[in-house]
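Keep in mind that this is a model prediction, so the values were computed, not measured. We name chains A, B, ... by the order of the sequence lines, and we start the count at 1 in each one.
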Number of protein chains: 2
Amino acid sequence: MRPTIKDVARLSGVSVATVSRIVNGLPGYSPETMKKVTAVIKELGYTPNAVARNLVSRKSNTIGVLLPQLSSYFAARLLQGIEGEARKRGYSVIVCNTDSNGVRTMEYLNLLREKQVDGILFASEWLKEEYADALTSLGIPAAVIATVSTAPKIPYIKVDDQAASFSAVQYLIRRGHRKIGMISGTKDDPISGTPRIAGLKEALSEADLPFEEGLIEYGDFGYKSGYEAMKRLAERNPSMTAVFSASDEMALGVFSYCYEKGISVPGDLSVIGYDDTDIAMMSIPPLTAVHQPIQEMGKQAMKMVMELIGGGQAESVFMPYEITERDSVKNLH
Amino acid sequence: MRPTIKDVARLSGVSVATVSRIVNGLPGYSPETMKKVTAVIKELGYTPNAVARNLVSRKSNTIGVLLPQLSSYFAARLLQGIEGEARKRGYSVIVCNTDSNGVRTMEYLNLLREKQVDGILFASEWLKEEYADALTSLGIPAAVIATVSTAPKIPYIKVDDQAASFSAVQYLIRRGHRKIGMISGTKDDPISGTPRIAGLKEALSEADLPFEEGLIEYGDFGYKSGYEAMKRLAERNPSMTAVFSASDEMALGVFSYCYEKGISVPGDLSVIGYDDTDIAMMSIPPLTAVHQPIQEMGKQAMKMVMELIGGGQAESVFMPYEITERDSVKNLH
DNA sequence: TTGTAGGCGTTATCAT
DNA sequence: ATGATAACGCCTACAA
C-alpha cells in the first residue's frame with residue numbers, strides 16, 4: 001500500500017488539509033509544521049495520487065495522439081515533437097496506433113474520452129466525417145496534423161500540399177526535365193493525394209508542358225509500393241527523366257528499382273522525394289526532397305491544443321516547406 | 001458537463017448501483033430496467049469516467065514506456081509491438097522520451113508513479129543502478145527491453161548480443177574475410193557495446209585470426225557517427241575487406257562514406273549491420289544484417305509486465321536472432 | 001431484483 | 001494557522 005495523504009497527516013499530527021496545502025505550496029501553516037510534515041513525507045516516501053487529483057480537478061494532464069501508422073520516421077519525428085512539448089508543459093501523451101482502421105479509431109476515441117484526456121491530436125490521415133463528428137461531439141479540444149479539418153473547432157496544421165508539390169515539380173522543370181513521372185499517394189486521398197497531383201498539373205501548365213495521365217502511378221507511401229509503382233511507370237514511360245514521389249520511402253523504392261535495372265540516379269533518372277525524413281539524407285544518393293518541418297509541426301500542434309484547453313482560440317496554420325537539395329536530381333541544362 | 005452515473009440513475013428512476021451493474025455487465029436486474037437504463041445511457045451519451053473507476057479499482061490500465069530516443073525505426077517498431085499488445089488487453093501506453101537524460105528519466109519515473117501506471121517498460125538503454133533502484137522502490141511491475149537488469153524483480157527481454165555478434169562476424173569469416181573492421185556502439189556500453197566486441201573477439205579467435213584494436217571504432221548508433229567512424233577506420237585500415245556495424249543506421253553511414261570514396265559495396269567492401277530495421281531492406285545495396293525481432297520483443301515485454309501485474313512471475317528471456325542475408329556482403333571464396 | 005451507504009485519495013470551502 | 005467536511009464519479013458490500 002502506498003502511503004496516502006491521510007497517513008502523512010496522521011503521522012505528523014496535522015489534518016489532511018494542512019498536508020495538502022504544504023504539498024501544493026499553498027499558504028497557511030507555520031514553518032514548524034512545514035518542517036515536520038515535510039519530514040514525514042520524506043520518511044514515508046509519499047507521492048500524491050494523480051488519479052485522485054484528476055478526479056477532483058477534472059483534468060488529466062494527458063493528451064491522446066492518434067496515428068495511422070506508428071512505425072515510420074514520420075510518426076517517430078512527429079511524436080518526438082509532441083512529446084517534447086507535452087513534457088515541458090507537464091502533460092503526458094498516450095499513443096494510439098489506429099492502423100488506418102476505422103473501428104479502431106472510433107474505439108480509441110471513446111477510450112480517450114473515458115480516460116478524460118484533456119486534448120486529442122489526430123495525425124496524417126484524412127479526417128473522415130465520422131471522425132470529425134465524433135471528435136466534435138466528444139467536446140474535447142483537438143487539432144489535426146498534416147491533414148485538414150473542416151470542423152471550425154478543430155484547427156489543423158500542415159504544409160500547403162499543392163504549393164509544395166508545385167515547387168517540387170517546378171524544381172525539376174527548371175532543371176530541364178520535361179517528361180516527369182509522379183508516384184502519388186493513395187489515389188483518392190483528398191489530402192496527400194489529389195492536392196499533390198494538382199500541384200504537378202499546375203507546374204506543368206505553367207511551363208506549357210502537357211499533363212499525361214500515364215505518367216502517374218499510385219502507392220501507399222510505403223517503400224514497396226514505391227518500387228512497384230516505379231516499375232509500372234518505367235515500363236510505360238521509357239523516356240521519362242525524372243520522378244516526383246509523394247513520400248521519401250516510395251522514393252527509396254524507385255532508387256531500388258533503378259539500382260536493379262542499372263538505371264543511374266541521378267544520371268539517367270532524377271528523383272525528388274517528399275517529407276525529408278531522416279532516411280532522405282541516409283540514402284544513396286542523398287535524396288533531394290520537399291522538406292516538411294515534422295517535429296516542429298508536432299510541437300506547434302501541441303501548443304494549439306494547449307491553447308484550446310486553456311479556453312483560447314487556435315487558428316489553423318500552414319507551415320513553411322522548402323526543397324532540401326541533395327544529390328538525386330540532375331540538372332539537364 | 002458530461003453526464004455521470006447519477007444522471008443516468010435519476011433519469012431512469014433507479015439507483016446508481018443498478019446502473020453500475022448494468023454498465024459493468026454484472027447480474028442483478030430485470031430485463032425491463034435493463035432496457036430503460038440502456039436507453040437513458042444512449043440518450044445521454046453516458047460514458048463511465050475512467051478516472052473515478054481507477055481511483056476505486058486502484059489500477060489505471062495504463063503502462064509507461066521509457067525510451068532513450070523516440071525518433072528511430074527501432075523505437076517506432078518497438079512501440080508498435082507494445083502498443084498493439086497493450087490495446088488488445090485494454091491497456092493504454094504513455095510514451096516517455098528520456099533522451100538518455102538521467103534527470104529526465106527520474107522525473108518520468110516519478111510521474112508514472114503519480115499517475116499510478118500499472119506497469120513500466122524501459123527500453124534500449126543501460127539500466128543504471130540508480131534507475132534500477134528507483135524502479136524497484138517504486139514497486140511497480142516492470143520489465144526492460146533490449147538491455148539487461150540485475151534486479152531479480154525486473155525481467156529483461158533481449159537477444160544475446162555476444163552470440164549474435166559472434167554469428168555476424170563468423171558469417172563474414174566464412175565468406176573469406178580476414179581483415180574485419182567493427183563499428184561499435186558507445187564505448188563502455190555494457191549492453192550493446194562490450195558484448196558485441198566480445199562476440200567479435202570470439203569469432204576471430206575461433207578462426208585463429210588476430211584481434212586488432214585498430215580495427216575497432218566507436219559510434220553512437222546514429223548515421224553520422226557511422227560515417228565518421230568508418231572514415232577513421234578506412235583511413236587506418238586500407239586493406240580491410242569487411243565491416244561489422246553495431247546498428248543499421250551506422251551501416252548506412254559506412255555506405256555513404258564508401259559511395260563518396262568510390263568504394264563499391266559489396267565489391268570492395270562488405271558490410272553487415274545490426275537490428276535489421278526497415279531501412280536495411282531499403283538501402284542500396286540491401287543490407288545484410290543481424291535481425292532482432294524488435295516488434296515481437298515489444299509484444300513479449302508487454303506480456304511479461306502483464307504477467308507481473310497479474311501477480312505472476314516472469315522470467316527473463318533471450319529472443320532468437322538470425323542473419324538476414326541481402327546483398328551487402330561478398331563471398332570472397 | 002434493487003437500494004443505501006461507505007470509501008477510493010484529493011481538493012477546497014467554511015469554520016474556528 | 002488549522003481542521004472538519006463536503007464533493008469528485010464510481011464500485012461494492014450489505015441490506016431489504
Once you apply a heavy-atom cut-off of 4.0 Å, does [X] come out as touching a base, just sugar-phosphate, or nothing?
| X | value |
| --- | --- |
| Val51(B) | nothing |
| Ser20(B) | base |
| Asn54(B) | nothing |
| Thr33(A) | sugar-phosphate |
| Pro48(B) | sugar-phosphate |

Is any side-chain N or O of [X] closer than 4.0 Å to OP1 or OP2 of [N]?
| X | N | answer |
| --- | --- | --- |
| Ser15(B) | dG3(C) | yes |
| Asn24(A) | dT11(C) | yes |
| Thr18(A) | dG3(D) | yes |
| Ser57(B) | dC11(D) | no |
| Lys6(A) | dT10(C) | no |
| Arg53(A) | dT11(C) | yes |
| Arg58(A) | dT11(C) | no |

Check: Leu138(A) main-chain N/O paired with Arg2(B) side-chain donor or acceptor under 3.5 Å
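Checked: pair present.
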
With no hydrogens and no angle check, is any side-chain donor or acceptor of Ser20(A) less than 3.5 Å from a backbone partner on Val16(A)?
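Side chain of Ser20(A) to backbone of Val16(A), a donor-acceptor pair under 3.5 Å: no, none is there.
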
Check the pair Leu109(A), Ile140(A) against side-chain contact (heavy atoms from CB on, under 4.5 Å), reporting the backbone distance first and the verdict last.
CA-CA 10 Å; Leu109(A) 249 22; Ile140(A) 300 174; over 6 Å; no

Is the shortest heavy-atom distance from the side chain of [X] to the side chain of [Y] under 4.5 Å?
| X | Y | answer |
| --- | --- | --- |
| Lys158(B) | Ile191(B) | yes |
| Asn24(B) | Arg53(B) | yes |
| Trp126(A) | Asp188(A) | no |
| Leu111(B) | Ile94(B) | no |

Of the listed nucleotides dT2(C), dG3(D), dT10(C), the one nearest the side chain of Ser30(B):
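Comparing dT2(C), dG3(D), dT10(C) against the side chain of Ser30(B), the answer is dT2(C).
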
Selected nucleotide, minimal atom distance to Val56(A) side chain, candidates dC8(D), dC10(D), dG3(C)
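Minimum distance to the Val56(A) side chain belongs to dC8(D).
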
Run the salt-bridge test on Glu107(A) and Arg104(A) with the 4.0 Å N-O cut-off and return the result as yes or no.
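Between Arg104(A) and Glu107(A) there is no salt bridge, as every charged N stays at least 4.0 Å from the carboxylate O atoms.
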
Does a salt bridge link Glu32(B) with Lys35(B), judged by any charged N lying under 4.0 Å from a carboxylate O?
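A salt bridge is absent here (no side-chain N lies under 4.0 Å from a carboxylate O).
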
[X] [atom1] to [N] [atom2]: how many Å, rounded?
| X | N | atom1 | atom2 | result |
| --- | --- | --- | --- | --- |
| Ile22(B) | dT2(C) | CD1 | C1' | 11 Å |
| Met1(B) | dC8(D) | CE | P | 9 Å |
| Leu26(A) | dT13(C) | CG | C1' | 13 Å |
| Ile5(B) | dC11(D) | CD1 | C1' | 8 Å |
| Tyr29(A) | dT11(C) | OH | P | 13 Å |
| Leu55(A) | dG9(C) | CG | C1' | 9 Å |
| Lys59(A) | dT11(C) | NZ | P | 13 Å |
| Arg2(B) | dC10(D) | CZ | C1' | 15 Å |

Close residues, residues 112-119 of chain A, relative to DNA chain C [heavy-atom separation under 4.0 Å]
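Those residues whose heavy atoms fall under 4.0 Å from DNA chain C, taken from residues 112-119 of chain A, amount to none.
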
Would you check if there is a donor-acceptor pair between the side chains of Thr62(B) and Lys115(B) at a distance under 3.5 Å?
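Side-chain D/A pair, Lys115(B) to Thr62(B): absent.
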
5' priority, DNA chain C, between Pro27(B) and Val16(A) [closest heavy atom]:
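By nearest-heavy-atom nucleotide position, the 5'-most residue is Pro27(B).
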
Report, one pair per line, the protein and nucleotides 14-16 of chain D atoms (nitrogen or oxygen only) whose separation is under 3.5 Å.
none

Heavy atoms from other residues, nucleotides or ligands near NZ of Lys59(B) exceed 12 (cutoff 6.0 Å)
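Check passes, neighbour count above 12.
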
